[in-house]
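See below for the structure under consideration.
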Amino acid sequence: MISKLFSQEPETRVFFATDIHGSETCWRKFLNSGKHYEAKIMILGGDMTGKALVPIVEEAPGRWHATLLENRREFESEDEVKEFEDSVKRRGYYPFRTDPDEMSELESDEDLRNELFYKEMLGTIERWMQMADEKLDGTEIECFVSPGNDDQFEVDEIISSAKRVRLAEGKVVEFGDYQMVSTGWSNRTPWDTYREEDEEDLAARLKKMTGQVTAPPEKTIYNFHCPPYKSGLDDAPEIDENMRPKHGGRSIVPVGSKAVREAIEEGQPALALHGHIHEAKGNTRIGRTLCINPGSSYEQGQLLGAVVNLDGGKKVKRFVLTSG
Amino acid sequence: MASNSTADSGAGDLFQRKATGLLRGWSVLDGFIYASFAINLITLGLYIFSFAPFIPDGSLVYAIILSGLYLVFQAVTYASLIAVMPRAGGDYVWMSRVLGGGIGFVLAVTGWWFILWHWVPIYANILNIEVFVPLATIAGFDGVANFFGAPGGMFTASMVVAILASILISLGMRTYARIQKFCFYGGVIGLVIMLALLLFNSNADFVGAFNSQAQDVYGAGGDAYQRTLDAGSVKGTNLGALAFGPTLLLIPMIVFFNLWSNWGATLYGEVRGASDFRKNIYAMGGALIVTSAVAVIMLLLFAKTFGWDFYYAANNAYWGGNGPLSVWPYPGLFAAFLFDSPILQFILVALLALWFFGWVGSVFLSSTRVVFATAFDRVLPEWVAKTSRNGVPYYALMLMLLPSIPISYLYAYGENFATYTLDATLVIATTFLGSAIAAAVLPWRKPEIYNASPIARYNVLGLPLITVAASMFSIFLVFCLYKWLTDDTYGINNGQSLIYMMILYVVALVLYVGFRLLRRAQGMDLNMVYDEIPED
């Protein structure tokens with residue numbers, strides 16, 4: 001037992017990160033994480049797509065302005081605009097060039113804004129998959145991605161088309177002796193996102209998925225975007241009806257899924273990987289299962305993650321949460 | 001999918017879609033309320049002001065104003081750190097990410113965990129002198145009042161503090177936030193009543209009330225007011241004249257009260273810009289300035305109604321052990337004496353006691369967060385971050401509660417142990433100094449994170465604002481540390497206390513090195529926790 005505790009070489013080392021929300025920096029770091037942490041398996045939990053569009057308005061030929069973090073910037077050269085676009089992408093937002101007329105239309109037309117969001121989000125994912133194919137080509141690293149509740153369904157198709165990235169959503173995937181089952185679906189949120197449903201429906205979805213696992217619990221991983229209810233990995237600021245944090249953000253409430261918790265309690269996989277609640281970085285145990293939510297700091301360009309050594313024992317004991 | 005235009009995003013000219021975690025701005029008033037509890041005028045303020053007679057030439061009023069204004073640099077420093085690394089988990093994470101894991105662990109664990117064990121009896125002392133003893137005295141339970149004035153009462157009060165703080169944390173942040181808000185509004189009502197009593201009564205009214213109550217309640221016959229003046233007379237008490245040198249010397253004393261505006265960073269929604277940074281400054285700096293202003297008004301009213309010489313004499317006589325009243329001269333109780341009715345007196349002191357009960361959880365709360373943060377970094381073992389099914393961090397609480405029991409016992413009954421704890425404020429200030437240094441060098445140590453933050457555009461004389469504010473705050477802390485370590489007036493430059501505190505630092509260092517070696521032996525190098533992954 002002691003020799004196992006101190007054994008240096010894991011059977012399998014996994015790197016897990018999640019909720020990068022369009023951050024170009026985080027995606028690039030993720031692609032390098034396998035090599036950096038000497039992990040053969042890279043897993044990206046859900047919510048790859050960004051949340052904001054940043055217009056760069058051409059007010060006169062060759063003169064542009066834009067605002068980021070309430071800081072208005074003006075540009076007079078293509079290089080300056082490109083540099084700004086890169087800084088916007090690094091933060092996880094989508095820059096787009098426009099003119100005052102189109103801006104007026106966008107401000108008044110929600111459908112137009114949504115169309116633009118789709119175009120930017122899906123275009124970025126396509127580009128990211130190409131980057132992954134190039135970066136991971138010639139390596140032995142396996143990369144799994146499953147979209148989250150904030151990602152539209154078209155994202156799945158784009159991931160499926162990648163050569164070096166495997167879509168994990170809704171199915172059992174294998175690496176070595178291990179089996180992993182993944183979903184980005186969550187319980188209901190106040191934001192009415194793409195992949196959310198009532199607890200009963202989520203429970204049925206999880207039961208169907210976990211029923212397909214044939215590996216023993218110590219060789220099983222649940223990669224469920226939504227954390228289990230009352231696990232500490234699901235603590236979020238309580239908000240009022242106007243979506244404002246109550247009590248200056250100090251009032252914290254559990255918002256995770258009861259269905260996820262039941263699935264873990266029942267299946268007792270060696271490892272459960274979660275995200276969704278960026279503030280709730282941490283790890284906990286539900287029975288024998290090590291549950292991890294590495295959190296997210298995508299806006300700061302920090303890739304929060306977890307390095308986990310899988311040894312095939314009843315409990316996963318060797319892991320660290322990283323802030324790369 | 002639905003999207004919002006810029007109007008309510010709080011982030012300027014951009015479009016947001018509906019996505020998890022996007023929140024509207026938080027209330028500055030709420031942030032202000034919680035910061036005001038940390039710079040607690042009634043508990044910490046009134047207690048430390050009572051030591052002012054030890055520097056009689058200094059002006060307490062000007063010392064509060066000067067330090068209150070200067071410590072806005074602290075608010076700017078911490079607001080900047082929060083803006084650059086939000087959801088970071090406080091001093092531990094900032095220092096460990098910027099200065100290194102070892103420095104972060106040793107300074108944070110000592111300043112936010114070990115030293116808070118020693119703050120339990122300090123809180124308990126305030127509970128005794130501002131709550132238990134005055135309430136028991138007004139209610140006529142002299143035996144109870146005497147008990148809490150003795151070592152047994154001190155230990156009992158310490159256990160009340162430790163258990164109360166544990167219960168409040170066990171109830172969860174949602175309930176605790178509500179309790180704090182209730183206590184704030186109740187406490188403010190008490191404070192307003194107290195100030196109104198002082199405003200609308202004359203010195204003659206007070207002298208009559210004090211003499212009468214001193215006789216009735218404490219059995220101090222004769223002209224207790226004059227006897228207090230005679231017993232505690234302080235030469236050169238200085239209310240308004242600015243004797244700069246002595247006034248400056250008061251500042252390292254009163255930071256016991258006003259150094260804590262940063263106590264507890266909150267969580268925010270995403271896609272937020274500089275407005276959140278400003279809000280943090282308004283909340284922390286606002287609490288600092290408003291509390292300082294109220295403190296000044298209160299002291300001026302003390303001067304008007306109690307008489308400034310009497311206020312100093314009462315404190316001086318108490319600490320000298322020669323006053324006609326054997327109890328700490330609690331201004332809240334003195335103000336309550338202006339009511340004839342014991343019921344009204346009791347209600348006022350009880351309302352003021354809400355400042356204590358809304359604040360008491362802070363003795364363990366931040367510590368449990370530091371314990372969690374270090375466990376998530378795998379420095380401390382995994383089990384210390386375990387929670388019950390209801391989210392109670394029972395191991396972290398035990399790590400606070402259990403050591404606080406023998407420490408409180410030794411504090412109450414030990415002959416010298418109270419002396420060892422004299423450096424309690426010094427240790428926390430050292431932790432803050434670590435964070436201030438981390439903030440000052442952050443633009444160079446973590447340029448990518450800094451440049452991606454909403455504060456990157458703020459510069460002063462070509463230097464980043466965070467660097468300027470943190471440097472100014474560091475100067476302040478170094479000044480305080482120097483005075484504490486070299487000047488006998490503060491009662492802190494005690495060799496035994498310094499050795500004791502050094503032992504705490506060594507224990508933290510041994511823990512860090514030990515767990516780091518253990519993790520390495522297990523094949524998990526803790527460098528991975530802090531290492532940046534290359535982008536290209």
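Quick note on labels: first sequence line is chain A, next is B, and so on, each numbered from 1. No hydrogens, no waters, no symmetry mates; every other heavy atom, side chains included, goes into these values.
- For chain A, the nearby part of B/Leu526 is the side chain; its heavy atoms alone come within less than 4.5 Å.
- There is no contact between B/Val28 and chain A, counting heavy-atom distances below 4.5 Å.
- To the nearest 0.5 angstrom, B/Thr175 atom OG1 is 12.0 Å from A/Ile252 atom CD1.
- Residue-environment remark: CD (A/Glu83) stays at or below the threshold of 12 foreign heavy atoms within 6.0 Å.
- Chain A forms the most heavy-atom pairs under 4.5 Å with one residue out of B/Phe372, B/Tyr34, B/Tyr176, and that residue is B/Tyr34.
- In terms of non-hydrogen atom pairs under 4.5 Å with chain B, the most contact-rich of A/Asp192, A/Ile292, A/Asn242, A/Leu303 is A/Asn242.
- With chain A as the partner, the residue from B/Ala385, B/Ala177, B/Pro393 showing the most heavy-atom pairs under 4.5 Å is B/Ala177.
- Of the two parts of A/Val320, the backbone and the side chain both hold a non-hydrogen atom closer than 4.5 Å to a non-hydrogen atom of chain B.
- Within a 6.0 Å sphere centred on CD of A/Glu59, other residues, nucleotides and ligands contribute more than 12 heavy atoms.
- When the candidates A/Gly282, A/Cys26, A/Pro190, A/Gly301 are compared by the number of heavy-atom contacts under 4.5 Å with chain B, A/Gly282 comes out ahead.
- At least one side-chain heavy atom of A/His247 sits under 4.5 Å from a side-chain heavy atom of B/Lys181.
- From B/Leu22, atom CG reaches atom CG of A/Asp150 across 8.0 Å, with rounding to the nearest 0.5 Å.
- A/Glu120 has no carboxylate O lying under 4.0 Å from a charged side-chain N of B/Arg17, or vice versa, which leaves the two without a salt bridge.
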Exercise for review: Might you work through the side chain to side chain contact (heavy atoms under 4.5 Å, CB included) test for B/Val84 and A/Gln300, ending with a clear yes or no?
Suggested key: CA-CA 7 Å; B/Val84 178; A/Gln300 290 71 48; over 6 Å; no

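- Heavy-atom pairs under 4.5 Å with chain B peak, among A/Arg244, A/Glu196, A/Lys135, at A/Arg244.
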Check your understanding: side chain to side chain contact (heavy atoms under 4.5 Å, CB included) between B/Glu448 and A/Gln302: does it pass, once the steps are laid out?
Key -> CA-CA 9 Å; B/Glu448 287 186 0; A/Gln302 280 195 300; over 6 Å; no

Point to revise | Full working for salt bridge (Lys or Arg N to Asp or Glu O under 4.0 Å) between A/Arg318 and B/Glu382 | key: CA-CA 10 Å; A/Arg318 299 196 290 161; B/Glu382 182 190 342; over 6 Å; no

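- In this structure, OH in B/Tyr530 is found 12.0 Å from OG1 in A/Thr322, a value given to the nearest 0.5 Å.
- Taking every heavy atom of both residues into account, B/Ala19 and A/Lys51 meet most closely at CB-CG, 3.7 Å.
- Heavy atoms of A/Leu321 lying under 4.5 Å from chain B belong to its backbone as well as its side chain.
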Exercise for review: Please lay out, stage by stage, how A/Ser251 and B/Arg174 fare under the test side chain to side chain contact (heavy atoms under 4.5 Å, CB included).
Suggested key: CA-CA 4 Å; A/Ser251 178; B/Arg174 184 188 201 183; 3.2 Å; yes

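- Of the residues considered (A/Asp19, A/Thr25, A/Val57), A/Thr25 shows the highest number of contacts with chain B, using heavy-atom pairs under 4.5 Å.
- Side-chain contact of A/Asp47 with B/Thr20: a donor-acceptor pair under 3.5 Å is absent, judged by distance alone.
- A heavy-atom distance below 4.5 Å is not found between the side chains of B/Phe15 and A/Leu116.
- Considering every non-hydrogen atom in both B/Leu14 and A/Leu53, the closest pair reads CB-O, 3.1 Å.
- For the pair A/Arg285 and B/Trp383, the minimum side-chain heavy-atom distance is 4.5 Å or more.
- In this structure, the portion of A/Arg261 lying under 4.5 Å from any heavy atom of chain B is its side chain and not its backbone.
- Comparing A/Thr189, A/Ile286, A/Leu31, A/Thr49 by heavy-atom pairs within less than 4.5 Å of chain B, the highest count is held by A/Thr49.
- Here the straight-line distance linking atom OH of B/Tyr458 with atom CG of A/Asn71 works out to 8.0 Å at 0.5 Å rounding.
- In this structure, the side chains of B/Pro534 and A/His36 come closer than 4.5 Å at one or more pairs of heavy atoms.
- Using a 4.5 Å cut-off between heavy atoms, A/Leu290 touches chain B through its side chain atoms alone.
- Neither the backbone nor the side chain of A/Ser108 comes within contact range of chain B; no heavy atom of the residue lies under 4.5 Å from a heavy atom of that chain.
- Within a 6.0 Å radius of CZ in B/Phe515, other residues, nucleotides and ligands contribute more than 12 heavy atoms.
- Taking 4.0 Å as the cut-off between side-chain N and carboxylate O, B/Glu535 and A/Arg90 do not count as a salt-bridged pair.
- One finds the OG1 atom of A/Thr193 at 9.5 Å from the NZ atom of B/Lys18 (value rounded to the nearest 0.5 Å).
- For A/Lys281, the parts lying near chain B are the backbone and the side chain together; criterion is any non-hydrogen pair under 4.5 Å.
- In terms of non-hydrogen atom pairs under 4.5 Å with chain B, the most contact-rich of A/Gly50, A/Pro294, A/Pro254, A/Gly295 is A/Gly50.
- In this structure, B/Arg378 forms a cation-pi arrangement with A/Phe319, its terminal cationic atom sitting closer than 6.0 Å to the ring centre and no more than 45° off the ring axis.
- Contacts of A/Asp111 with chain B are absent, with no heavy-atom separation under 4.5 Å from either backbone or side chain.
- Partner A/Ser323 forms a side chain to side chain contact (heavy atoms under 4.5 Å, CB included) with one of B/Arg97, B/Met528, B/Glu532 and no other, that one being B/Arg97.
- Between A/Tyr37 atom OH and B/Asp525 atom CG the span is 11.0 Å, to the nearest 0.5 Å.
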